[in-house]
Amino acid sequence: MAGNDRALVMKLRDLINKTAEGLEGTVKIMDFCGTHEHSIVYNGIRSLMPGNVELVAGPGCPVCITPAHYVDAMIKLALDGVRAYTYGDTYLLPGSEPPGSSKPRTLADAKALGADVVVVYSLLEAIKHYKRDPKESVFLAVGFETTAPSTASAVVNKLLPEGFTLINVHRLTPPIMRYTFEKHRNAPIRGVIAPGHVSTIVGARAWEFIPREYGIPTVVAGFEASDVMQAILYILLMLKAGKPKLVNQYRRAVTWEGNVRAQKLLDECCEVVDASWRGLGFVPNSGLAFRERYRWADAIYQYGLKEVSEREWKYDLPPGCRCAEVTLGLAKPTDCPLFLKVCKPGVPYGPCMVSSEGACHIWARFGGGGLVEEVVASLGLE
Amino acid sequence: MCLGVPGKVIEVRGDGVAVVEFSNGVRIETDANTIEGIRPGDLVVVHAGIIIAKLREEEIEEWASTIKGFIEELEAKETELLRMLEEIEGG
């Protein structure tokens, strides 16, 4: 944390502590972006919170919720001789095969068996690679509204070369927020730190329903420690005033209406459909599927692969894995008995340990909230 | 992949590609099709190889001065708290 930011964070800590005084019960504030969770853990923000403020990670990592059957499809295509392009984040993402299986569980396993798997930073990079070395290829297109425009841009602007198709696993954040609020009905979420990067695309207005329908103060926030601290302060102030509103703290990047050009591209390319989320099942209107006129880009359609329907969907987390609860903020990574025992960043057992945006991965790397306290308590040093 | 990184546009090509340089000196080709009128020198956020937003320089300056001012202003914590509450109640 840079000098100015550190000084500001300390001032904000004092204000947060003062504002939280007198607020009844536990104030549960949820972030919905892996990068916010990263900032919270990396900067030790949980340790700066008063006792009655709890920061909880929500569904903010698209890799964590990518259903296993899409990974299976990619592995199958790769083993059949099709080149598989993948983001680094999904390279170690397990499919349906249980740990210890003799069959490949990840694209990394498929590569070890000789499959042509290429890790890329972006779709553009994959296209460039393809042009240098053309071969029938499929790209695993995962991500929320931030990543989806790159897929839409390539498809609509016809940047994809012949023989290059995509598995479209893009998911939408507002519907999963509604779903999450319902799951927390017994101990409601009292503040939302809305995802800053998603908001650059969908606009701050996308979250207007949260204070209006759920009465929850919501702040669109940037990613510096002071951004997150300001967001927390604004939430507490709104709770204290009893006036839940939507505040855009990240005005340097987020406008009210968002990136309209990207929104148009998405709308041109895809329709909104009910879609599956790993460990959770189907969530209404939460996914993007290629419109019929762009089916030439759809690997699922082109290779005659079967989409899983709501009735056919099967729970797709490995035995004992608590990633579904972690994703929804109903459990902390440290609540999972597998955390840092059999599930580690180098050898992830569950999906939340795979991507650098996954809550378990972040907590494993930076000793996120409470781990140190637990060790201290277990040693009787409190 | 799922990380927004700020950078500066160095070059804009006719095919919707812009070269962006990050603070560590790394330059990459990005898809600039989602931003209208992108120009060299623009500050942008790049996410998985596509420019998702153009940063608003006036807001960055305001943000920077807010931070500087905040530290001084927040010395008077009570006053500042009340001002913020009023802002929220009014806004």
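In this text the structure is predicted, and so the values were computed from the model without any measurement. Lettering follows sequence order; numbering is per chain, from 1.
When heavy atoms are compared at a cutoff of 4.5 Å, B:Leu43 does not approach chain A at all. For a residue to count as touching a neighbouring chain, one of its non-hydrogen atoms must lie under 4.5 Å from one of that chain's; by this rule A:Glu145 does not touch chain B. Proximity to chain B (any heavy atom under 4.5 Å) is restricted, for A:Val254, to the backbone atoms N, CA, C and O.
Side-chain polar atoms of A:His170 and A:Thr151 form a donor-acceptor pair below 3.5 angstrom.
Side-chain contact between A:Asn17 and A:Thr19 is absent, with no heavy atoms from C-beta onward closer than 4.5 Å. Proximity of A:Asn43 to A:Glu224: side-chain heavy atoms (C-beta onward) are nowhere separated by under 4.5 Å. Residues A:Gln230 and A:Leu8 form a side-chain contact, since some pair of their non-hydrogen atoms from C-beta on lies under 4.5 Å apart.
Between A:Leu246 atom CG and A:Ile216 atom CD1 the span is 12.5 Å, to the nearest 0.5 Å.
Residues that satisfy the salt bridge (Lys or Arg N to Asp or Glu O under 4.0 Å) test with B:Glu29, not counting sequence neighbours, are A:Lys128, B:Arg13. For A:Ala154, the side-chain contact (heavy atoms from CB on, under 4.5 Å) partners are A:Leu123, A:Ile127, A:Leu159, A:Leu160, not counting sequence neighbours. Contacts of A:His38 classified as ring-ring contact (aromatic ring centres under 6.0 Å, His included), with partners at least two apart in sequence or in another chain: A:Tyr42, A:Phe366.
In terms of heavy-atom pairs under 4.5 angstrom with chain B, the leader among A:Pro149, A:Ser153, A:Ala253 is A:Ser153.
At a heavy-atom cut-off of under 4.5 Å, chain A is reached by B:Val17 from residues 17-26 of chain B, listed in order of number.
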